[in-house]
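Computed from heavy atoms alone, side chains included, the values below leave out hydrogens, waters and symmetry copies.
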Amino acid sequence: MTLFGLLFGFTLGLVSPQTADIVFAGDAMQHEKQLNAAKRTGNVYDFSDYYKGIEPYIKSADLAVVNLETPIAGAPYSGYPCFNAPDSYLAQLKTSGFDFILAANNHTLDRRDRGLRGTIDRLNAEGLPYVGIYRNRAERDSVCPVVCDVNGFKIAFLNYTYGTNGIPVQGDVVVDYIDRKQIAEDVRKAKDSGAEIIAACMHWGIEYVLLPNQEQKQLADFLEDQGVDLIIGGHPHVIQPMEMRYNRKYDKKVFVVYSLGNFVSAMKKDDTQGGAMVRVRLRRDDSGRAVVDTATYRLVFVTHPSASDKSYRVLPAEGPMPVQWMGARERFVSRARNIFEKYNKNVPADTAAIDSYME
């Protein structure tokens with residue numbers, strides 16, 4: 001499958017072509033403790049148990065999107081502060097149902113230019129579309145924005161990061177940094193390319209802070225004014241509120257998530273041991289125009305290895321939980337729901353049982 005310059009078809013399942021469901025997940029991280037837990041004999045790394053508890057939800061989407069917050073650049077592997085995960089980590093994300101990768105974040109250059117190119121090689125080998133990093137400027141100019149065909153909806157994806165932890169580009173590779181002039185040009189190109197829905201995925205905000213700062217709010221307003229439909233944030237490693245807005249300028253809804261928090265990590269700080277996933281439904285109105293219809297969130301919680309279970313696991317936060325994690329899970333859920341109940345606007349929780357998403 002050619003990654004860029006073409007429309008990607010994800011016409012999965014039997015969902016009506018008049019709707020499409022997109023699931024977004026937060027930061028997929030790979031700390032050293034995760035590497036140690038996954039290592040098997042022969043330098044093999046096994047992540048096969050990571051997402052089993054949430055796979056029905058991921059795979060039920062017409063398109064599932066995740067932020068890959070580590071290079072995949074070949075051995076040697078490492079955790080924080082300079083990440084680099086095995087190929088099998090990326091392969092497991094695909095096996096568990098993710099279709100599209102966000103690659104621009106503050107750890108993109110942890111293995112410098114070579115690591116970025118290696119990550120692109122492995123994304124291409126897995127046949128996973130991605131956005132946010134490129135081999136050179138000419139490639140970016142030719143392929144950005146990436147437009148996916150999802151059940152007949154043409155969706156453009158853009159991805160930007162506030163920075164790369166002070167590590168500069170050393171050669172001609174390109175990382176999409178947050179730059180309003182560039183964003184405006186990319187949105188214009190997306191419209192010109194025939195995109196009906198535009199998603200801007202932003203790596204922004206302040207780590208461990210549960211509310212967006214003024215810069216995030218102003219950028220969200222800017223993106224809305226450009227005509228962006230979906231504004232999906234990450235980086236703080238904790239959840240932040242989400243809103244379903246109404247854009248009077250364009251007469252349409254706009255869905256804003258300030259931070260989805262962590263999808264999987266080894267973190268145990270307050271509020272970091274989980275995050276939120278969101279499901280966005282697109283539909284066509286009476287005139288045939290593609291619009292954002294509804295959005296819901298689902299909390300997930302990460303359990304760590306124990307004597308009886310050697311794997312990290314991403315589990316629905318409201319579902320069955322090993323007894324040793326129930327206290328931590330309840331603290332995480334209580335604090336997250338307090339934020340969402342106080343600050344969310346027209347974005348309710350998804351209360352459907354995970355089993356209901358199984359075909």
Side-chain angles (χ1 to χ4, degrees), residues 22-31 33-34 50-51 53-54 57-58 64-70 80 83 93 96 98 101-102 104-107 159 161-162 199-213 216-217 219-220 230-243 255-280 295-304 312-319 321 325 328-345 347-350:
I22 307 174
V23 162
F24 291 91
D27 302 337
M29 309 191 74
Q30 185 62 201
H31 290 94
K33 289 182 179 180
Q34 292 171 267
Y50 262 43
Y51 312 116
I54 200 71
Y57 183 81
I58 300 168
V65 183
V66 65
N67 172 48
L68 178 67
E69 192 145 355
T70 174
Y80 182 83
F83 292 117
L93 287 169
S96 293
F98 286 104
I101 299 296
L102 306 175
N105 55 68
N106 57 306
H107 289 285
N159 180 207
T161 180
Y162 73 92
C201 302
M202 312 298 291
H203 211 71
W204 60 4
I206 306 300
E207 290 182 332
Y208 316 123
V209 176
L210 290 164
L211 294 175
N213 62 18
Q216 286 170 276
K217 293 178 181 179
L219 271 169
L230 304 173
I231 302 168
I232 310 295
H235 172 63
H237 302 304
V238 297
I239 59 92
Q240 291 181 346
M242 48 192 74
E243 309 171 352
F255 180 47
V256 180
V257 179
Y258 284 108
S259 175
L260 289 172
N262 286 335
F263 181 55
V264 65
S265 79
M267 290 184 177
K268 287 186 177 180
K269 292 181 180 179
D270 285 348
D271 309 308
T272 65
Q273 204 170 334
M277 301 177 72
V278 293
R279 178 180 294 267
V280 183
T296 57
Y297 74 86
R298 177 177 291 277
L299 292 175
V300 295
F301 183 82
V302 181
T303 62
H304 295 212
Y312 287 81
R313 293 179 185 268
V314 183
L315 300 174
E318 74 283 358
M321 189 71 52
W325 294 110
R329 186 270 302 272
E330 291 309 310
R331 289 191 296 273
F332 166 76
V333 169
S334 176
R335 289 168 62 87
R337 285 183 177 161
N338 180 61
I339 291 293
F340 287 159
E341 289 171 5
K342 188 173 182 179
Y343 295 103
N344 275 17
K345 298 178 181 178
V347 186
D350 182 347

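For Phe263 and Tyr50, the ring centers sit 6.0 Å or farther from each other.
Interatomic distance, OG of Ser259 versus NE2 of His203, reported as 9.0 Å (0.5 Å rounding). For the atom pair OG1 of Thr303 and CZ of Arg329, the computed distance is 11.0 Å after rounding to the nearest 0.5 Å. One finds the CD1 atom of Ile239 at 8.5 Å from the OH atom of Tyr297 (value rounded to the nearest 0.5 Å). Taking CG of Asn67 as the start and NE2 of His235 as the end, the distance is 11.0 Å to the nearest 0.5 Å. If you take CG on Leu210 and CG on Asp271, they are separated by 4.5 Å, rounding to the nearest 0.5 Å. The line from OG1 of Thr70 to NE2 of His107 is 8.5 Å long, rounded to the nearest 0.5 Å.
Taking the six-membered ring for Trp and thresholds of 30 and 60 degrees, Tyr312 and His304 have ring planes inclined between 30 and 60 degrees apart.
Judged purely by atom type and a 3.5 angstrom limit, Gln273 has no side-chain atom pairing as donor or acceptor with the backbone of Lys268. Put simply, the side chain of Trp204 gets close to the backbone of Tyr258: a donor and an acceptor are under 3.5 Å apart. With Asn106 contributing its side chain and Thr161 its backbone, the two residues share no donor-acceptor pair below 3.5 Å. In this structure, Asp350 contributes its side chain and Thr296 its backbone to no donor-acceptor pair below 3.5 Å.
Side chains of Pro236 and Ile206 form no contact here, defined as non-hydrogen atoms less than 4.5 Å apart. Annotation: side chain of Met29 is in contact with side chain of Met267 (closest heavy-atom distance under 4.5 Å). In this structure, Phe301 and Val333 have side chains that are not in contact, with every pair of non-hydrogen atoms separated by 4.5 Å or more.
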* To do: Show your working on side chain to side chain contact (heavy atoms under 4.5 Å, CB included) between Val66 and Ile101 and close with a plain yes or no.
  => CA-CA 5 Å; Val66 65; Ile101 299 296; 3.7 Å; yes

* Asked: Does the pair Arg337 and Leu299 meet the rule for a side chain to side chain contact (heavy atoms under 4.5 Å, CB included), with working shown?
  -> CA-CA 9 Å; Arg337 285 183 177 161; Leu299 292 175; 4.0 Å; yes

* Should Gln240 and Gln216 be marked as a side chain to side chain contact (heavy atoms under 4.5 Å, CB included) after you check the CA-CA gap, both sets of side-chain angles, and the distance that decides it? -> CA-CA 11 Å; Gln240 291 181 346; Gln216 286 170 276; 2.9 Å; yes

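Shortest non-hydrogen contact noted between Ile58 and Ser96 is CG2-O, 3.5 Å. The two atoms that bring Met242 and Ala276 nearest to each other are CE-CB, 4.4 Å, heavy atoms only. Residues Ala266 and His31 come closest through the heavy atom pair N-ND1, 3.2 Å. Closest approach of Ile54 to Pro316, counting heavy atoms only: CD1-CG, 4.0 Å. Smallest separation of non-hydrogen atoms from Tyr57 and Arg279: O-NH2, 3.1 Å. In terms of heavy-atom proximity, Phe332 sits nearest to Val300 at CE2-O, 3.4 Å.
Taking a 6.0 Å sphere around OH of Tyr80, one finds it holds 12 or fewer heavy atoms contributed by other residues, nucleotides or ligands.
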